[in-house]
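First the proteins, then the strands, lettered A, B, ... as listed; each starts at 1.
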Amino acid sequence: MVDKIKHLPVFFFLHTLILVSLIFSLPVLAAAEMAEDTQARISAEKLLFRGFGTLGIARSSSDQADFVRDLSQPKGLSDGNWSARIDSILGGQLNWQMTKELELVGQAVSRFRYNESRSPEIMWAFARWDITPDIAVRAGRIGADFMMLADSRLVGYSYLAARPSSDFFGPLFFHHFDGADMSISKPVGEGVLRAKVFIGATHEKAADMQRVWNTSGSHVGGVVLDYWQGPLQLRANVAQIRFSNDLDVSPLPDFLKAAGAFLNMPSAFSAAQSLETKDTTSRFYSLGVVYEANGFQTQAMANCIRHEAGLLQNSCAGYALAGYRSGAITPYAGISAWKSSRRNQTAGLPDIPPFANLNAIYSSVMETTRSDQRTYTLGVRWDVKPNVAFKLQWDAIRGDSRSVFPVRDEQPGWDGRTNVISITSDFVF
Amino acid sequence: MKLNSLAYWFIAFLSVIAPCHARADLVVVTGPKTGVPTLSKEEVINIYLGRYRRLPNGLPAEPLDMGEASETKKEFYWKLVEKTPAEINAYWARLVFSGQTRPPATVNSSDEVAARLMSRPGVLAYVEREKLDKRFVILYEFDR
């Protein structure tokens with residue numbers, strides 16, 4: 001399947017611009033390196049190509065479900081087989097500083113996607129305008145700011161662990177959207193407060209083994225507040241998405257409606273309605289803290305997600321991660337949890353065939369978004385060179401047997417438990 | 001005797017794991033036209049880490065960094081935020097690949113530092129005290 005990204009004229013223009021710039025940037029940089037005079041080097045700084053990547057292999061011990069990095073991945077790891085599938089990523093970025101205030105940024109990334117391909121996708125393509133040192137506006141394709149410190153969750157080199165916590169970031173399969181954001185920074189007390197508002201539309205898809213959920217055209221918006229003071233960063237974040245499409249659970253809604261009409265039972269209609277995601281809103285609330293000093297790196301975040309759609313169970317999640325740097329080696333440990341709350345809605349049809357089957361199927365579909373698990377993490381990061389890090393990590397996932405939302409292709413024997421070992425090599429250039 | 005040899009091994013172990021740092025006397029400076037007498041350590045952190053790049057008098061701050069292999073750079077960030085070059089690289093990788101704030105512009109020689117500091121107000125750099133140019137204004141001193 002080919003990803004049909006919608007091209008607004010401005011994005012098309014930016015994409016073209018980026019490709020053309022890319023072709024020209026390498027010789028310019030090479031020439032600049034040879035040039036003796038400072039002026040040539042300063043101008044080369046205005047056009048910069050950078051890249052990042054992760055070569056990672058991992059294995060998950062359970063043969064009853066696939067472990068995935070987040071819910072955008074249709075398949076993951078299982079059966080104890082080593083695989084490079086979930087963590088290997090390659091990205092390139094071009095920054096073009098047009099004037100002191102205006103910058104164009106384009107980023108393309110190849111990673112394992114909803115359609116099982118690794119075809120490159122345009123992550124960012126935006127113009128950034130620093131109106132003043134305190135106010136910045138970005139427009140185009142920009143990152144969804146869910147993680148502390150960064151919009152991107154794909155630059156392995158930039159974070160401590162092998163991957164962002166799957167319990168926390170698993171359900172947040174959005175990485176970017178088309179729209180705009182504006183951030184304002186102000187000194188407050190000894191530190192700096194930054195407020196950011198964003199608005200736009202997504203065009204991403206998520207998938208499991210059977211279905212692709214196309215969220216294209218869903219509206220997103222939110223506010224992020226950050227406060228930095230010395231080694232401390234605090235964050236509060238509220239975001240929402242209004243889904244443009246239904247998740248495909250056909251033909252269940254039609255059957256429920258038909259049964260409801262036949263028996264004149266409103267509960268069956270409301271059950272059918274609870275399966276619709278189109279025109280429903282989901283809200284995301286999160287708080288986070290980072291403290292980095294004296295070689296210690298600690299961070300913790302908590303989130304709650306509230307869905308209007310009955311099909312999607314409300315959930316809360318949290319993680320805490322701490323590491324201590326000793327020379328080039330940073331051992332770390334973490335704990336995380338993700339728990340959803342079950343909805344008590346039933347189809348309410350009489351418990352006789354064929355309606356009993358509908359009741360059962362409805363109840364089981366409502367359980368597909370259930371999560372109830374904890375993850376214990378131990379790992380070590382080794383900064384081999386200033387731009388290369390190796391990581392070795394062990395994750396023990398301990399969950400309920402009905403915790404099926406976080407995994408893929410779960411089998412009847414899934415007991416919610418698996419152990420994941422990851423070895424990654426992360427680099428930036 | 002036994003305790004002494006334990007202490008010896010403990011110190012030997014510490015000297016292996018503890019990062020080694022030179023002890024040059026570093027100062028943060030600007031040109032004469034900037035018009036700011038002094039900065040707090042927190043203000044220097046905010047400017048260099050790209051959190052807030054405005055000087056107390058409202059002027060935009062333009063920090064300069066030394067090249068990748070520079071010992072001065074290594075020591076500056078250690079004194080400022082106790083971060084190693086790898087940690088500083090990771091910090092900027094987060095922000096650069098998010099298309100957020102830019103890292104400080106890089107210069108490669110003290111001549112270039114001087115040229116940039118004198119070129120316009122608001123430019124900041126860190127230098128060793130013994131290489132201090134008389135025209136520079138000291139904004140922050142680490143060892144005072």
Side-chain angles (χ1 to χ4, degrees), chain A residues 38 41-42 45 48 50 52 91 93 95 97 100 103 105 107 123-124 126 128 130 132-134 136 138 142-143 145 147 149-152 154-155 157-160 183 185-187 190-192 194 226 228-231 292-295 297 325-329 383-389 428, chain B residues 13-20 40-43 45-47 49-56 58-62 67-69 73-74 78 80-109 111-112 115-116 119 122:
Chain A
T38 311
R41 206 171 48 71
I42 293 168
E45 272 177 11
L48 259 183
R50 299 184 181 95
F52 60 88
Q93 177 173 312
N95 289 56
Q97 190 72 46
K100 218 168 118 189
E103 185 177 37
V105 181
Q107 187 188 90
M123 275 284 162
W124 327 137
F126 63 82
R128 176 192 165 96
D130 291 311
T132 69
D134 340 66
R138 304 189 300 174
I142 51 185
D145 197 356
M147 196 157 159
L149 309 165
D151 295 350
S152 177
L154 302 175
V155 188
Y157 180 80
S158 71
Y159 42 80
L160 184 58
S183 55
S185 308
K186 282 277 168 235
E190 279 283 279
V192 175
R194 186 191 70 167
D226 283 299
W228 292 273
Q229 189 187 324
E292 296 181 347
N294 304 321
Q297 298 183 37
R325 181 201 60 230
S326 169
I329 306 286
D383 283 281
V384 196
K385 298 204 303 180
N387 294 317
V388 183
V428 292
Chain B
F13 174 70
L14 281 185
S15 66
V16 169
I17 64 164
C20 211
S40 69
K41 188 176 187 181
E42 197 65 39
E43 285 167 331
I45 292 174
N46 291 338
I47 289 167
L49 296 190
R51 295 170 180 173
Y52 189 70
R53 285 191 176 147
R54 209 188 251 291
L55 294 165
L59 212 61
E62 292 178 54
E68 197 62 53
K73 176 179 178 176
K74 189 175 163 185
W78 183 258
L80 193 67
V81 286
E82 290 191 6
K83 286 190 187 296
T84 61
E87 286 174 303
I88 289 295
N89 280 353
Y91 175 81
W92 283 113
R94 285 172 201 160
L95 296 180
V96 164
F97 292 119
S98 302
Q100 298 191 8
T101 326
R102 287 187 297 278
T106 302
V107 290
N108 285 314
S109 68
D111 287 347
E112 204 181 332
R116 292 249 200 152
S119 69

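- Of all the listed residues (B:Pro85, B:Ala90, B:Ala61, B:Pro60), the one sharing the greatest number of non-hydrogen pairs under 4.5 Å with chain A is B:Ala90.
- Top candidate by heavy-atom pairs under 4.5 Å with chain B, chosen from A:Arg194, A:Met123, A:Glu190, A:Lys385, is A:Glu190.
- Between the CG atom in B:Leu49 and the CH2 atom in A:Trp228 there is a gap of 10.5 Å [rounded to 0.5 Å].
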(Q) Determine whether B:Val96 and A:Gln93 satisfy the following criterion, side chain to side chain contact (heavy atoms under 4.5 Å, CB included), listing intermediate values before the conclusion. (A) CA-CA 9 Å; B:Val96 164; A:Gln93 177 173 312; 4.0 Å; yes

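- Using a 4.5 Å cut-off between heavy atoms, B:Glu87 touches chain A through its side chain atoms alone.
- With a 4.5 Å cut-off on side-chain heavy atoms, B:Arg102 and A:Asp130 count as touching.
- For a residue to count as touching a neighbouring chain, one of its non-hydrogen atoms must lie under 4.5 Å from one of that chain's; by this rule B:Asn46 touches chain A with the side chain only.
- One N or O on the side chain of B:Glu82 and one on the backbone of A:Asn294 form a donor-acceptor pair closer than 3.5 Å.
- In this structure, B:Ser98 and A:Ser152 approach most closely via the heavy-atom pair OG-N, 3.5 Å.
- Here CZ of B:Arg53 is found 13.5 Å from OG1 of A:Thr132. Values are rounded to the nearest 0.5 Å.
- Looking at every heavy atom in both residues, A:Val155 comes nearest to B:Ala93 through CG1-CB, 4.4 Å.
- Among the candidates A:Pro386, A:Pro133, A:Gly91, the residue making the largest number of heavy-atom pairs closer than 4.5 Å to chain B is A:Pro133.
- If you measure heavy-atom distances from A:Glu103 to chain B, the contacts under 4.5 Å come from the side chain alone.
- Rounded to the nearest 0.5 angstrom, B:Thr84 OG1 and A:Asp383 CG are separated by 6.5 Å.
- For the pair B:Phe97/A:Leu154, no side-chain contact is recorded, criterion being any heavy-atom separation below 4.5 Å from C-beta on.
- In this structure, B:Val81 and A:Glu292 have side chains that are not in contact, with every pair of non-hydrogen atoms separated by 4.5 Å or more.
- Taken to the nearest 0.5 Å, the CZ atom of B:Arg54 stands 6.5 Å off from the NZ atom of A:Lys186.
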